[in-house]
Student: 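One structure, pasted below without further comment.
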Amino acid sequence: MAALISLVIAEHDNQSLKAATLNAVAAALQISSEVDILVAGNGTDAVAQAASQIAGVRKVIQVDSPALADQLAEPLAAQILSIAKNYSHIWAPATANGKNVLPRVAAKLDVAQLSDITRVVSPDTFERPIYAGNAIATVQSADSIKVITVRTTGFDPAPATGGSATIEKQSGDAAASNASSSSFVGRELTKSDRPELTAAKIIVSGGRGLGSGEKYQEVVVPLADALGAALGASRAAVDAGYVPNDYQVGQTGKIVAPQLYVAVGISGAIQHLAGMKDSKVIVAINKDPEAPIFSVADYGLVADLFTAVPELTKALS
Amino acid sequence: MKILVAVKRVVDYNVKVRVKSDNSGVDIANVKMSMNPFDEIAVEEAVRLKEAGMVTEIIVVSAGPTQCQETLRTALAIGADRAILVESDADLQPLAVAKILKALTDKEQAQMVILGKQAIDDDSNQTGQMLAALLDIPQATFASKVVIADGKATVTREVDGGLETIALTLPAVITTDLRLNEPRYVTLPNIMKAKKKTLEVVKPEELGVDIAPRLKTLKVEEPPKRTAGVMVADVAALVEKLKNEAKVI
C-alpha cells in the first residue's frame, strides 16, 4: 500500500493561524503519521511559526507571494497543485476558503472531493452528512489522491503547541502565473472583539422572535457580553437584516458545536438545527411551546424573551 | 453575451427525508421534487441580468433522469430562453456534472455560468469550482451581489468574516448564495409560454464525457438522535441547571 502522506492547507489571514486548521490536522493525523502544512499567503512568518508548533506536524511549507495575499482561488489552487503529487491526501478545513479552493484542486487532479467529512473510517473511507445532516453517508473514494474538506466540529483540535516542524520556504511562481484572471477589490469584515463563531465556547444566537436589529442589540448582545460569548443568528434573522450574513448558523451558514448554545427567539428550522445540534449543551428560550428548537434543547424555557433574557443577563452579570 | 445556468432536481426543501431501512440511501420514492433552491436563485439572477440588457440568451441545463425536464420547464417559466437536458440515470457526481457543463459551455460559447453554491441533497459544494477549474477560468463562489460591466464581473461574496468583493475577467463561473436575490413566482402565462420553448435532450456519451462515479456510498444512516431535555419553569431554574447540572457557566 502506498504511503499515507498528508498535506493540510492552513487557514489564516496572513497574520495569524486560524483554529480551524487544528481540526483538519487532527483528522489527517488519524491516518497519516506524515502531515505537512501549506501556509500560502503573503508575509506569513507568524503563521508558519504557529503552524510549526502544532503537535504531530512534520513540515511546514511556507509560500509568500503577493498573488496569494487574498487567498483567491485561482492562484491558491495553482500553488497547491504544484506540490499535490507528493501527497496521498490533501485536506482543508471546510471554511469559506477551504470550500472555495479545494474543489478546484480536485478537478485539476481529476479526482473526486469528499466534502465536509465528520469522521475518518479508513484511509479511503469517510463519513459525511448529507441532506442538511438528516442522514450520514459513509463514502469510499477510488481515486489515487483524496481531496477532503473537514467539518471542524467533527474533530477535536490537534494541540497547538508541542510540535517542532521544520519550515521550508518555497517559491510562489505557480501562484503568480495564475494571478491575472481575478483580482481582489475589497473586504467588509464584521468588526468584533468577540470570539470567532466557529471557535467559541459559548454562543448566543437570536432569531426572528426578536423582531428587529435594534432588539437584537438590546436583548441578545448584553447576554453574550455577560457570558463572554460569540454572537450568532438564524437565517431568518440574517435575511431580515437584523445582523450581518457571517452571523448565520445553519446548514448553509456556519456549523458550530460550542459547549453552550443559547437560542433566543429561534423556532428551530431543520436548516438551523443542522448547524448547531452538535453543541454540548443547548438552551432554548421561546414563547411558543411547540417550537421545534425544544426537541433538541437540553434546557427549554417557554417565556417572553423580552423579559426572560434580560433577567438571565442580570442573573449572570 | 450568452449565459449558462445549471439546475439540479432535488428533494423539495420542505420534505424531511427518511433513511431506507436497508441503509442503502434515503427514500426518495414518492416525495416531492423541486429545483435546488440555490439554482433557482441562479436562474433568477440570469433573468435579471437579461432584463438589465447585459445578457442576450439564457441556456438552462440539467443533468439527470428524464423527470429533470420538469425542473427545466420551471427555469424556462422563470425566464430562461432554452433548455438542455443531459439525460442519464447514472449516479452523477460533482466531477461528472462539471465535465458535462464544461462540454456544454464550450459548445455554446457561454461567457458566464451561474449555478447554486451547493445542492441541498448531497451538500457537496463542488460543481461550480470544479467547472471553473476544468475551463481554466476564474470563479466567484457564494455570491450575494453581481455587477457586470466592461467585460468584468464584480462579485460580492459571503465569506467567514463578512463580505469580500472580487473582480473577474469574463468568461467566469459564479455560484449563488441565499441573499443574492429572491426568485420570482412563476405565473401561469409564463408556464404556458415555457411549454413552447426549446428543450433539447442529449446523452453524456454524445458530449464525449466520462461520467463514471469516483465515490461509492457504502451506507447511509440516521444521524445520532439528540433527545429533548427538560423544560425549566423560570430563569432562576435555568441558571441553577446551567451552573450545577450542566456546569457550563
Side-chain angles (χ1 to χ4, degrees), chain A residues 72-74 77 95-96 99-100 103-104 106-108 111-113 115-116 125 129-143 181-190 227 239 244-246 252 259-260 270 277 281 283 294-302 308 311-312 315-316, chain B residues 11 16-17 19 26 93-95 98 118 120-126 129-130 132-134 137-142 144 154 158-169 178-179 214-223 226 228-232 234-236 238-239 241-242 246 248-249:
Chain A
L72 292 171
E74 301 79 24
T95 54
K99 291 173 180 173
N100 187 41
R104 213 171 159 107
K108 284 286 190 189
V111 302
Q113 175 177 294
S115 292
D116 241 343
T125 304
I130 55 174
Y131 288 93
N134 285 308
I136 307 293
T138 302
V139 288
Q140 185 177 39
S141 165
D143 288 317
S181 59
S182 68
S183 63
F184 183 75
V185 177
R187 195 170 272 147
E188 282 172 62
L189 299 186
T190 309
L227 288 165
D239 284 355
N245 64 283
D246 54 303
T252 60
Q259 296 290 307
L260 174 61
I270 293 176
K277 67 183 168 51
V281 175
V283 170
F294 288 121
S295 70
V296 299
D298 298 279
Y299 303 110
L301 176 60
V302 178
E311 199 184 322
L312 179 59
L316 297 171
Chain B
V11 171
K16 189 172 184 325
V17 295
V19 171
V26 299
Q93 296 179 352
L95 183 61
Q118 75 191 61
I120 61 167
D121 50 5
D122 62 12
D123 286 330
S124 288
N125 195 333
Q126 299 173 3
Q129 297 89 311
M130 287 181 156
L134 296 176
I137 61 175
Q139 68 184 49
T141 52
F142 326 144
S144 66
T154 303
E158 299 204 355
V159 295
D160 288 341
L163 299 171
E164 79 171 36
T165 303
I166 58 176
L168 312 174
T169 308
L178 289 170
R179 281 165 284 272
R214 308 298 186 82
L215 300 177
K216 190 171 152 195
T217 298
L218 304 180
K219 61 180 172 183
V220 174
E221 295 165 299
E222 293 266 355
R226 194 178 177 108
V230 296
M231 301 304 286
V232 294
D234 52 26
V235 168
L238 176 60
V239 173
K241 291 275 191 198
L242 290 176
V248 285
I249 55 171

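Labels below follow one simple rule: chain letters A, B, ... track the order of the sequence lines, proteins then strands, and each chain is numbered from 1. Note that the structure is a prediction, hence the values are computed from the model and not measured.
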Student: Looking only at heavy atoms and a cut-off of under 4.5 Å, which of S115(A), G300(A), A107(A), A132(A) has the most pairs with chain B?
Tutor: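 Among the listed options, the one with the most contacts to chain B is G300(A).
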
Student: For chain B, find which of T125(A), L227(A), T95(A), I270(A) contributes the most heavy-atom pairs closer than 4.5 angstrom.
Tutor: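 Answer, by heavy-atom pair count under 4.5 Å with chain B: T95(A).
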
Student: With a 4.5 Å cut-off on heavy-atom pairs, point out which of L260(A), D239(A), T190(A), L301(A) contacts chain B the most.
Tutor: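 Most heavy-atom pairs under 4.5 Å with chain B: L301(A).
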
Student: Which bit of V232(B) is near chain A, if near means a heavy-atom gap under 4.5 Å: side chain, backbone, both or neither?
Tutor: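 Backbone plus side chain of V232(B), per the 4.5 Å heavy-atom cut-off to chain A.
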
Student: In terms of heavy-atom pairs under 4.5 Å, which option from P138(B), A246(B), A140(B), S144(B) contacts chain A the most?
Tutor: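 Max contact count across the listed options: P138(B).
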
Student: Among the options V26(B), I249(B), L134(B), pick out the one with the most heavy-atom pairs lying under 4.5 Å from chain A.
Tutor: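 Between V26(B), I249(B), L134(B), the count favours V26(B).
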
Student: Any chance you could lay out the side chain to side chain contact (heavy atoms under 4.5 Å, CB included) test for Y299(A) and V230(B), step after step, and finish with the verdict?
Tutor: CA-CA 5 Å; Y299(A) 303 110; V230(B) 296; 3.6 Å; yes

Student: Given side chain to side chain contact (heavy atoms under 4.5 Å, CB included), test T138(A) with E221(B) step by step and report yes or no.
Tutor: CA-CA 8 Å; T138(A) 302; E221(B) 295 165 299; 4.3 Å; yes

Student: Taking every non-hydrogen pair under 4.5 Å, which of A106(A), S182(A), A315(A), P244(A) racks up the most with chain B?
Tutor: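 Looking at each of A106(A), S182(A), A315(A), P244(A) in turn, S182(A) comes out on top.
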
Student: So what's closer than 4.5 Å to chain A heavy atoms on V19(B): side chain, backbone, both or neither?
Tutor: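 The side chain, not the backbone.
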
Student: Looking only at heavy atoms, which two atoms of I130(A) and D121(B) are closest? And how far apart?
Tutor: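 That closest heavy-atom pairing would be CB-O, 3.5 Å.
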
Student: Which atoms form the tightest heavy-atom contact between V159(B) and D246(A), and what is the distance?
Tutor: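 Closest approach of V159(B) to D246(A): O-CB, 4.0 Å.
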
Student: Quick one: of D160(B), V220(B), V239(B), V17(B), who has the most non-hydrogen atom pairs under 4.5 Å with chain A?
Tutor: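 Ranked by contacts with chain A, first place is D160(B).
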
Student: Determine, step by step, whether D123(B) and D116(A) satisfy the side chain to side chain contact (heavy atoms under 4.5 Å, CB included) criterion, reporting the C-alpha distance in whole Å, the side-chain angles of both residues, the deciding distance to 0.1 Å, and the verdict.
Tutor: CA-CA 9 Å; D123(B) 286 330; D116(A) 241 343; 5.9 Å; no

Student: Identify which of T165(B), V248(B), T217(B), N125(B) forms the greatest number of heavy-atom pairs closer than 4.5 Å to chain A.
Tutor: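 Of the options given, most contacts go to T165(B).
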
Student: Name the region of E74(A), side chain, backbone, both or neither, that has any atom closer than 4.5 Å to a heavy atom of chain B.
Tutor: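 For E74(A), the contact with chain B is made by the side chain alone.
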
Student: Contact part of A308(A) toward chain B, heavy-atom cut-off under 4.5 Å: side chain, backbone, both or neither?
Tutor: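 Looking at A308(A), backbone and side chain both touch chain B.
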
Student: Under the side chain to side chain contact (heavy atoms under 4.5 Å, CB included) criterion, do Q113(A) and M130(B) qualify, and how do the steps go?
Tutor: CA-CA 10 Å; Q113(A) 175 177 294; M130(B) 287 181 156; 4.2 Å; yes

Student: Quick one: of Q140(A), R104(A), K108(A), R187(A), who has the most non-hydrogen atom pairs under 4.5 Å with chain B?
Tutor: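 Ranked by contacts with chain B, first place is R104(A).
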
Student: Can you give me the closest heavy-atom contact between Q126(B) and P103(A), atom names plus distance?
Tutor: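 In terms of heavy atoms, the two residues are closest at O-CB, 3.7 Å.
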
Student: So for L168(B), is it side chain, backbone, both, or neither that comes closer than 4.5 Å to the heavy atoms of chain A?
Tutor: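 For L168(B), backbone and side chain are both near chain A.
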
Student: Non-hydrogen atoms of chain A under 4.5 Å away: do they reach the side chain of I137(B), the backbone, both or neither?
Tutor: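 Only the backbone of I137(B) comes within 4.5 Å of chain A.
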
Student: By a 4.5 Å heavy-atom criterion (distance strictly below it), what part of A98(B) contacts chain A: side chain, backbone, both, or neither?
Tutor: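 Looking at A98(B), nothing touches chain A.
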
Student: Side chain, backbone, both or neither: which part of P94(B) has an atom under 4.5 Å from a heavy atom of chain A?
Tutor: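 When you check distances to chain A, no heavy atom of P94(B) falls under 4.5 Å.
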
Student: Most heavy-atom pairs under 4.5 angstrom with chain A, which of L215(B), T169(B), D122(B)?
Tutor: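 Heavy-atom pairs under 4.5 Å are most numerous for L215(B).
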
Student: Might you point out which heavy atoms bring A228(B) and F294(A) nearest each other, and give the distance in Å?
Tutor: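 For A228(B) and F294(A), the tightest heavy-atom pair comes out as CB-O, 3.6 Å.
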
Student: When rounded to the nearest 0.5 angstrom, what distance separates NZ in K219(B) from CD1 in I136(A)?
Tutor: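 It comes to 11.5 Å.
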
Student: Give the minimum heavy-atom separation between R214(B) and V111(A), together with the two atoms involved.
Tutor: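 Closest approach of R214(B) to V111(A), heavy atoms only: NH1-CA, 3.8 Å.
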
Student: Just how far is it from atom CD of Q118(B) to atom OG1 of T252(A), taken to the nearest 0.5 Å?
Tutor: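 Rounded to the nearest 0.5 Å, the CD-OG1 separation comes to 6.5 Å.
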
Student: Please find the pair of heavy atoms, one from N245(A) and one from G162(B), that lie closest to each other, and give the distance.
Tutor: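 So the minimum-distance heavy-atom pair works out to ND2-O, 3.2 Å.
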
Student: Side chain, backbone, both or neither: which part of L238(B) has an atom under 4.5 Å from a heavy atom of chain A?
Tutor: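 L238(B) touches chain A through side-chain heavy atoms alone.
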
Student: Specify which of L163(B), T154(B), L95(B) makes the most heavy-atom pairs with chain A at under 4.5 Å.
Tutor: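 Among L163(B), T154(B), L95(B), the one with the most close pairs to chain A is L163(B).
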
Student: Might you work through the side chain to side chain donor-acceptor pair (under 3.5 Å) test for T141(B) and N100(A), ending with a clear yes or no?
Tutor: CA-CA 7 Å; T141(B) 52; N100(A) 187 41; 2.6 Å; yes

Student: What part of I166(B) gets closer than 4.5 Å to chain A, counting heavy atoms only: side chain, backbone, both or neither?
Tutor: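 Both the backbone and the side chain of I166(B) come within 4.5 Å of chain A.
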
